[in-house]
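Below, chains carry the letters A, B, ... as their sequence lines are ordered, and counting in each starts from 1. These values consider heavy atoms only, across backbone and side chains, with no hydrogens, waters or symmetry-generated copies.
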Amino acid sequence: MTNRSHSFNVPDKPSLDGIEAKWVDVWNESGVYHFDRTKSREEIFSIDTPPPTVSGSLHIGHVFSYTHTDTVARFQRMNGKSVFYPMGWDDNGLPTERRVQNYYGVRCDPSIPYVEDYVPPAKPDPKRQVPISRRNFIELCDKLTTEDEKVFERIWRTLGLSVDWRHTYATIDDNSRATAQRAFLRNLARGEAYMAEAPTLWDVTFRTAVAQAELEDRDRPSAYHTLSFHREGGEPVLIETTRPELLAACVALVANPDDERYQPLFGSTVRTPVFGVEVPVVAHRLADPEKGSGIAMICTFGDLTDVTWWRELQLPTRPIIGWDGRIVADPPAGLDSEAGRVAYATLAGATVHTARERMIGLLRESGDLLGEPKQITHPVKFYEKGDKPLEIVTTRQWYIRNGGRDEQIREDLLARGRELTWHPGHMSSRYEHWVGGLNGDWLISRQRFFGVPFPVWYPLDDEGNPRYDAPITPAESALPVDPSSEAPEGYTADQRGVPGGFTGDPDVMDTWATSSLSPQVAGGWERDNDLFQRVFPMDLRPQGQDIIRTWLFATVVRSHFEHGSLPWSTAGISGWILDPDRKKMSKSKGNVVTPIDLLEKYSSDAVRYWAASGRLGTDTALDEGQMKVGRRLAIKILNASKFALSVAGQDTAVDASAVTEPLDRSMLAALAEVVAEATAAFENYDHTRALERTERFFWDLCDDYLELVKARAYDTESPAGASARASLLIALSTLHRLFAPFVPFVADEVWSWWQEGSVHGAAWPAAAELRTAAGDGDPQVLAATAEVLRAIRKSKSAAKLSMRAEVSNVVVRGKQADHARLAGADIASAGRAEALDFVPSDDTDLHVEVTLPETVE
RNA sequence: GGGCGCGUAGCUCAGUUGGUUAGAGCCCUCGCCUUACAAGCGAGUGGUCGGAGGUUCGAGUCCUCUCGCGCCCACCA
């Protein structure tokens, strides 16, 4: 017997051990995933990869969604596209600041001077964070994020993402800062960005403004307090409030214009309890007669409705909450009485919580608190990263128009949303509803440190006050700039902060104001315009459903203004990962699973298999069972490939013309359909379907076809043997490529046994070629033949016999047409039957009678 | 209060424009060392498709109502 098993480079004992490390290195050196920028736009598939937040750790949800994108990238690459698949790191912003504070035990104090070669505390003390300069703080941010990014890259490589690692960016790097500043300056020049002093949602912990998109409601216990407002010569007016501490900020009472109970009061005034401030009673449609007593106090500002009332009714401003969340020292205008001032003094400087208790005390003393507070639970607005309720504070901020206050822009942006292809389609409604429900422009300034500075200075007048109406901007060629350390053109550094000199804008941009430019940052906008015109607008934006209102929308806004187009043609929205108890996995719930252990336990291919079995937009449970199945599949691919290649022996050249047997042609015809379906599925971003079809075919091939042709394939004398061997190799080559997007490690491993180059650089299989090789192949031949084989197995199984047991006779009854379809010789050899007889019958179904040897019952 | 999605074998999910006896994997049961694979192979048990009604020759697959779950949005007196 000839030893054929080593004709190709097939290992005796194929294994998944060490497969990741091996191929990560090979791919890195070969550059198989490198983007070819000589290609034209039509030959390129470009992906606007989400930059993960590096101030933490990757969790299994990242693995899930990034695998989806990677399967698409790999398909497109094999299908002939040059794939632009960059990777970014979102390292700018508050999450990094918090991580640096905790990691090093420091905090930023912009008033402190820079220290050369600063060394952070050896042992961070979370309760006593060391104040350091802004520049030192930013240096620590840079240092830590650089380290975090290396860890992330290693995980991504181990997972097998086919990213071109020459194209990376970080949202705080020079390129990102220059891009964000350039885009901002253009928005400013066109009037799309503007500065305004207005009531703003404010996080008192981080002391920064917060955008509408970053809000979330949380249920908090509270209480209704019934307060008595006094009226000249009349009954007191009773209002209910959950925020009695804001009484000093009260500017009016409001009721619904149709509310007959209060109509007589409209136009009159009442006096606030304790403080004795005279305030008008006004009417507004937003006042709900059903709520509380039907009349409410308007404060500047207790909630967003207050802002609406204040604006529309043109009420005075009496703010009492400062940036630090405490009651400000001086009483607001209008609080004139001596008694009122004394009362206010007891509140000044207190936190909101303390002020509430003291205010309740004051109201009890004066007898203006009626009854006991009624305990309730109600939703309160929080910054999604904060843990204290938001306050509303009047501040000067930068905004970008987003349709929240402009009907035409809103319509234009809604139209962009409809222009975009969504996968799954119903995700478009999230965009539609969000844009439709916007109630203000996009607030992009943050009073923080580790972010992109606004490239703006202000001249100081003779008294040293900034002239916000005359901002100084740099030339685009000077970007990126840091106005807090650089002087604007025409000024010298020593003019900073002195009358007649200048001051830099102290704020930084919100992280979304940078990440909304990810296509421009990655694509080389205004930095490498040759690249940019080849990749933009991009083909695909993959992302999570939770950031449609932020990242996706903001990116559309920026592209709409700057380029007059969508930033990409398609959005692929991934679902959530649920833990095995079907709860959404999130850091706050503490049920996050880190991927490294799973990758090591099951192999990257196995974890990818699990991830790829989740459809876009569908929440998927973390299921280690699926990873086990994926591992089994990978091992099966190794073994089946080893078998097919060892049988094929020296027949290295795949000769389609050798495929003559009906069973072989049938198998290839079926495979052609699989290729057609998988291709169509991928083109429609349905990677799950592509995987499912491929996998189904592969297991059937192993179970039935391989068994059927095993004996024949060893026959080197007859054309029938050559037909089997050629068919095996064609199927193998096709399956290796079909599996490549999903299980790239094992796919390249088996490919390397017998092919040149990487499977990931090979051409995606063509259904037409397979159909040609299949000739007149009829898929029913394999189906019918396998059915008979299964019947034989069933008989043996029922008789508790080995599959190797000899069968004396098999009789098949069925229509004559089916007779022709049966590969009798293959069935006989695979079933170990001495004879196979066919008896024509009128019955549509095949009936198989198996006669087992008499020695066994 | 509004919107989106989901409810198919014990579990995780397919089921494409309505069409023959509803599928897969896992689990479980029984069996098999068969020269690619015992981290394997073969076979089998198990759902009438959340509920009700309707359209149709025919519905898991369309319509109405209803129950349950998840997520998002909403002016927090």
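For A:A621, the listed nucleotide lying nearest its side chain is B:U12; candidates were B:U12, B:G40, B:G3. With distances taken from any side-chain atom of A:A640 to the nucleotides B:A36, B:C76, B:C71, the minimum falls on B:A36. Ranking B:A36, B:C73, B:A43 by closeness to the A:R549 side chain, first place goes to B:C73. Each of B:A74, B:C41, B:A36 was ranked by its minimum atom distance to the side chain of A:N639; first place goes to B:A36. Distances from the side chain of A:S797 to the nucleotides B:G40, B:C75, B:A43 place B:A43 closest. Listed nucleotides: B:C73, B:C76, B:A43. Nearest to the side chain of A:W434: B:C73. For A:D703, whose side chain is taken as the heavy atoms from C-beta onward, the closest listed nucleotide among B:A36, B:G42, B:C32 is B:G42. Closest contact between the side chain of A:V629 and the listed nucleotides B:C75, B:C41, B:C26 involves B:C26. Of the candidates B:A36, B:A74, B:A43, the closest approach to any side-chain atom of A:R793 belongs to B:A43.
Following rounding to the nearest Å, A:K628 (NZ) and B:C26 (P) show an atom-to-atom distance of 11 Å. Between the CE atom of A:M803 and the P atom of B:G40 there is a distance of 17 Å, given to the nearest Å. Between the P atom of B:C4 and the CH2 atom of A:W576 lies a distance of 19 Å, rounded to the nearest Å. A:Y431 places its OH atom 21 Å from the C1' atom of B:G5, with the value rounded to the nearest Å. One atom, NE2 of A:H426, and another, P of B:C71, lie 15 Å apart when rounded to the nearest Å. Here B:C13 presents its P atom at 18 Å from CZ of A:R689, a figure rounded to the nearest Å. When the P atom of B:C4 is taken as reference, atom CD1 of A:I573 falls 17 Å away, rounded to whole Å. Going from atom CG of A:L708 over to atom P of B:C41 covers 16 Å, rounded to whole Å.
Across all strands, A:R632 comes closer than 4.0 Å only to sugar-phosphate atoms, never to a base (heavy-atom distances). Across all strands, A:E432 comes closer than 4.0 Å to no nucleic acid atom at all (heavy-atom distances). The residue A:W610 sits apart from the nucleic acid: no heavy atom pair falls under 4.0 Å. Nucleic acid contact class of A:E624 (heavy atoms, under 4.0 Å, all strands): none. Counting any heavy atom pair closer than 4.0 Å across all strands shown, A:R631 reaches a base atom. Among the atoms of the strands shown, base atoms are found under 4.0 Å from some heavy atom of A:D288. Among the protein residues, A:A287 comes within range of the nucleic acid bases, having at least one heavy atom under 4.0 Å from a base atom. Residue contacts for A:L286: at a heavy-atom cut-off of 4.0 Å it reaches a base atom on one of the strands shown. Among the heavy atoms of the strands lying under 4.0 Å from A:C702 is at least one base atom, whether or not backbone atoms are also near. Counting non-hydrogen atoms under 4.0 angstrom, A:R790 reaches the backbone sugars and phosphates but no base.
Put simply, A:Q545 has no side-chain N or O that comes within less than 4.0 Å of OP1 or OP2 on B:G70. Residue A:K291 places none of its side-chain N or O atoms closer than 4.0 Å to OP1 or OP2 of B:C75. Taking 4.0 angstrom as the limit, A:K710 places a side-chain polar atom (N or O) nearer than this to OP1 or OP2 of B:A36. Between A:K794 and the phosphate of B:G44, there is a side-chain N or O to OP1/OP2 separation shorter than 4.0 Å. Distances shorter than 4.0 Å separate some side-chain N or O of A:Y714 from OP1 or OP2 on B:A36. Taking side-chain N and O atoms only, A:K13 has no distance below 4.0 Å to OP1 or OP2 of B:A36. Regarding contacts with the backbone of B:G31, a side-chain N or O of A:K800 is found under 4.0 angstrom from either OP1 or OP2. Residue A:R615 places at least one side-chain N or O closer than 4.0 Å to OP1 or OP2 of B:G15.
With A:Y602 as the aromatic partner, A:R631 does not meet the cation-pi criteria of under 6.0 angstrom to the ring centre and within 45 degrees of the ring axis.
Only the C1' atoms considered, B:A59 is 11 Å distant from B:C49, to the nearest whole Å. The P atoms of B:C69 and B:C26 are separated by 32 Å, rounded to the nearest whole Å. Rounded to whole Å, the C1' atom of B:G25 lies 23 Å from the corresponding atom of B:U61. For B:A24 and B:U64, the P atoms lie 33 Å apart once the distance is rounded to whole Å. Comparing B:G3 with B:G44, their C1' atoms sit 47 Å apart, to the nearest whole Å. One P atom belongs to B:A9, the other to B:G46, and the distance between them is 15 Å to the nearest Å. Between B:U66 and B:C57, the two C1' atoms lie 29 Å apart (nearest whole Å). When the P atom is compared between B:G2 and B:U55, the two are found 29 Å apart, to the nearest whole Å.
Ionic pairing of A:K710 and A:E707 is present here: one or more N-O contacts between side-chain nitrogen and carboxylate oxygen are shorter than 4.0 angstrom.
Across all strands shown, the partner of B:C62 is B:G54, judged by Watson-Crick or G-U wobble contacts whose two distances both fall under 3.5 Å. Partner assigned to B:U34 is none, using Watson-Crick or G-U wobble distances below 3.5 angstrom. Under the Watson-Crick and G-U wobble criteria, each requiring two contacts below 3.5 Å, nucleotide B:A22 is left unpaired. Nucleotide B:C27: unpaired (no Watson-Crick or G-U wobble partner with both distances less than 3.5 Å). Across all strands shown, B:G1 forms a Watson-Crick or G-U wobble pair with B:C73, both key distances being under 3.5 Å.
Atom CD1 of residue A:I392 and atom CH2 of residue A:W202 lie 13.0 Å apart, to the nearest 0.5 angstrom. Taking CG from A:L363 and OG from A:S228, the interatomic distance works out to 9.5 Å, rounded to the nearest 0.5 Å. The CE atom of A:M627 lies 4.5 Å from the CG atom of A:L598; values are rounded to the nearest 0.5 Å. For the atom pair OH (A:Y714) and OG (A:S646), the distance works out to 5.5 Å, reported to the nearest 0.5 Å.
Ranked by how close their nearest RNA chain B nucleotide is to the 5' end, A:R832 and A:S429 are led by A:S429.
A donor and an acceptor atom sit less than 3.5 Å apart, one in the side chain of A:K636 and one in the base of B:C37.
The aromatic rings of A:H736 and A:W754 sit perpendicular, their planes meeting at an angle over 60°, well past the 30° parallel limit. Using cut-offs of 30° and 60° for the angle between ring planes, the A:W309 and A:H284 rings count as perpendicular.
The closest side-chain donor-acceptor pair between A:Q375 and A:Y224, if any, does not fall under 3.5 angstrom. No hydrogens or angles considered: a donor-acceptor pair under 3.5 Å links the side chains of A:S574 and A:H68.
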